[in-house]
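The block underneath contains the structure these notes are about, expressed in structure tokens.
We use all heavy atoms of the structure for the numbers below, so side chains are in, but hydrogens, waters and symmetry mates are not.
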Amino acid sequence: MKPRSDLAVCIGRFQPFHNGHLSLLHQALEQAPFCIVVLGSAHQARTPKNPFTWQERAEMIRLALPDVDQARLRYLPMRDFYNETRWAQAVHDEVTQIGLKIGHRAPQVALIGHFKDASSNYLRRFSAWELIPLARQPHADATQIRDTLFAHADLSLELTLATLCQQAPNSTLNFVKTWASLPCFHTLVLEWKKFRDDKLRWACAPYPPVFVTADAVVRCAAHILLIQRGGYPGKGLWAVPGGFIEQRESVYQSALRELQEETGLDLLAPSLQSTLREVAVFDHPDRSLRGRTITHAHYFDMGDQALPSLQAADDAQAAQWVPISELSALEAQFHDDHFHMLDHFLKLI
């Protein structure tokens with residue numbers, strides 16, 4: 001059958017790659033001679049929601065397809081901008097560039113996908129492309145696969161993977177079996193249990209909780225003040241100082257308190273307030289795995305003065321002045337959306 005489009009596009013996180021994803025790729029390869037696989041949530045730290053790097057996900061896809069089909073795929077890792085308009089434009093531009101490399105100046109593009117829930121509405125962002133929605137495959141749920149893997153980590157891995165044989169290709173299950181021997185797997189299990197326990201504590205609430213936090217982005221002499229988190233979630237990852245507001249605090253007061261508690265930065269409040277340049281709210285529904293968490297980030301610019309001394313405390317295992325020039329290289333080592341918070345103020349991307 002003659003392909004009906006120049007390019008097909010499949011967008012997903014593929015965490016991990018399962019039979020539903022495989023059916024999307026088969027349809028895409030019938031639709032066009034080339035398929036661009038957009039690997040979402042790239043360049044992030046590993047989490048229970050995104051345990052596999054984009055390179056590992058590309059390898060799972062490669063292993064599930066014959067050589068002739070592998071040659072027709074192009075992989076496009078895309079970061080989460082936590083801004084759907086910006087993200088969709090970036091995907092569109094990158095697909096256009098890949099089309100030019102293949103030889104299509106203005107390719108006909110077919111977007112292959114299925115609508116799982118409200119989180120799938122991004123598929124409607126590409127009005128210039130033909131949208132081909134497919135029915136969702138039964139017995140193919142990435143969340144269930146991850147939950148099964150982490151919940152039964154103390155049992156036989158082979159038996160656990162055997163229960164997933166109807167959900168994912170054997171090549172994926174074999175890949176996961178090998179991958180689970182990496183040191184990161186144990187950390188992910190502990191994080192998964194932390195999130196599970198937190199959700200159980202809120203299970204009897206009359207409605208899902210919404211958390212409010214405050215953060216401090218402090219710039220001084222071309223450096224940014226960062227902490228490394230001392231506990232789960234995000235143990236060992238970089239973050240800006242911050243935390244939950246207390247009952248009798250404003251968000252600004254919370255930001256100053258958390259800054260002092262976590263970093264030991266001890267400046268007179270009036271002196272610090274004079275350096276406040278911007279306050280921004282970060283409220284993307286998926287910005288934190290703890291649940292719906294809205295934060296107010298306060299951006300302080302202390303100019304070119306000497307870097308103040310620091311002393312990590314509270315739930316920070318380290319506090320450090322990090323050169324702004326080094327932040328982009330650390331993108332995959334940041335907690336939640338904190339790299340993108342810094343990008344908002346510093347224009348890193």
Between [X] and [Y], is there a donor-acceptor pair closer than 3.5 Å when you use the side chain of the first and the backbone of the second?
X      : Y      : answer
Arg4   : Glu30  : no
Arg72  : Cys35  : no
Gln333 : Leu330 : no
Ser5   : Ala8   : no
Arg13  : Lys49  : yes
Glu326 : Pro323 : no
Asn19  : Ala140 : no
Thr143 : Asp141 : no
Gln70  : Leu65  : yes

For the atom pair [atom1] ([X]) and [atom2] ([Y]), what is the distance rounded to the nearest 0.5 Å?
X      : Y      : atom1 : atom2 : answer
Arg277 : Met302 : CZ    : CE    : 11.0 Å
Thr178 : Leu173 : OG1   : CG    : 11.0 Å
Leu39  : Arg57  : CG    : CZ    : 5.5 Å
Cys220 : Ile324 : SG    : CD1   : 10.0 Å
Phe52  : Met60  : CZ    : CE    : 4.5 Å

Of all the heavy-atom pairs spanning [X] and [Y], show the shortest one and how long it is.
X      : Y      : answer
Gln15  : Pro51  : OE1-CD, 3.3 Å
Thr47  : Leu188 : C-CD2, 3.4 Å
Asp80  : Gly40  : OD1-C, 4.4 Å
Ile112 : Leu24  : CG2-O, 3.9 Å
Ala151 : Trp192 : CB-CH2, 3.4 Å
His21  : Pro16  : CE1-O, 3.3 Å

Which residues satisfy the side chain to side chain donor-acceptor pair (under 3.5 Å) test with [X], sequence neighbours excluded?
X      : answer
Tyr82  : Gln44
Thr160 : none
Lys177 : Glu158

Pair [X] + [Y], salt bridge at N-O below 4.0 Å:
X      : Y      : answer
Arg229 : Asp336 : no
Asp198 : Lys194 : yes
Arg62  : Glu59  : yes
Lys199 : Asp147 : no

Please check if atom [atom1] in [X] has more than 12 non-hydrogen atoms from other residues, nucleotides or ligands closer than 6.0 Å.
X      : atom1 : result
Asp197 : CG    : yes
Gln311 : CD    : no
Lys101 : NZ    : no
Arg196 : CZ    : yes

Taking [Y] as the starting point, is it possible to reach [X] by hopping between hydrophobic residues whose side chains are less than 4.5 Å apart?
X      : Y      : value
Leu76  : Leu100 : no
Phe34  : Val109 : yes
Leu149 : Leu289 : no
Phe185 : Leu164 : yes

Close aromatic pair by centroid cut-off 6.0 Å: His43 and Phe339: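 Here the rings of Phe339 and His43 have centres that are no less than 6.0 Å from each other.
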
N/O donor-acceptor pairs under 3.5 Å from side chains in residues 230-244, not counting sequence neighbours:
none

Test log, rule side chain to side chain contact (heavy atoms under 4.5 Å, CB included), inputs Phe17 and Phe175: CA-CA 10 Å; Phe17 184 75; Phe175 181 94; over 6 Å; no

Candidate pair Gln89 and Asp93, rule side chain to side chain donor-acceptor pair (under 3.5 Å), full reasoning: CA-CA 6 Å; Gln89 186 61 55; Asp93 292 347; 2.8 Å; yes

Residue pairs, two or more places apart or on separate chains, that pass salt bridge (Lys or Arg N to Asp or Glu O under 4.0 Å) and touch residues 237-248: Glu246-Arg257

Side chain to side chain contact (heavy atoms under 4.5 Å, CB included) assessment of Leu25 paired with Asp69: CA-CA 10 Å; Leu25 283 187; Asp69 287 340; over 6 Å; no

From Ile349, Leu348, Leu346, residue fulfilling side chain to side chain contact (heavy atoms under 4.5 Å, CB included) relative to Ser328: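 When side chain to side chain contact (heavy atoms under 4.5 Å, CB included) is applied between Ser328 and each of Ile349, Leu348, Leu346, only Leu348 qualifies.
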
Step-by-step side chain to side chain contact (heavy atoms under 4.5 Å, CB included) determination, His18 to Thr172: CA-CA 7 Å; His18 58 55; Thr172 291; over 6 Å; no

Flag side-chain contact, heavy atom, 4.5 Å: Leu226 against Leu342: yes

CA sep, side-chain torsions, deciding dist, call: Arg79, Glu331, salt bridge (Lys or Arg N to Asp or Glu O under 4.0 Å): CA-CA 10 Å; Arg79 58 174 52 87; Glu331 181 177 358; 2.8 Å; yes

Val37 vs Phe14, side chain to side chain contact (heavy atoms under 4.5 Å, CB included): CA-CA, chis, key distance, verdict: CA-CA 10 Å; Val37 181; Phe14 310 104; 3.7 Å; yes

Side chains of residues 210-217: which donor-acceptor pairs under 3.5 Å do they make with residues two or more places apart or in other chains?
unit_1, atom_1, unit_2, atom_2, d
Thr213, OG1, Thr295, OG1, 2.7
Asp215, OD2, Thr295, OG1, 2.5

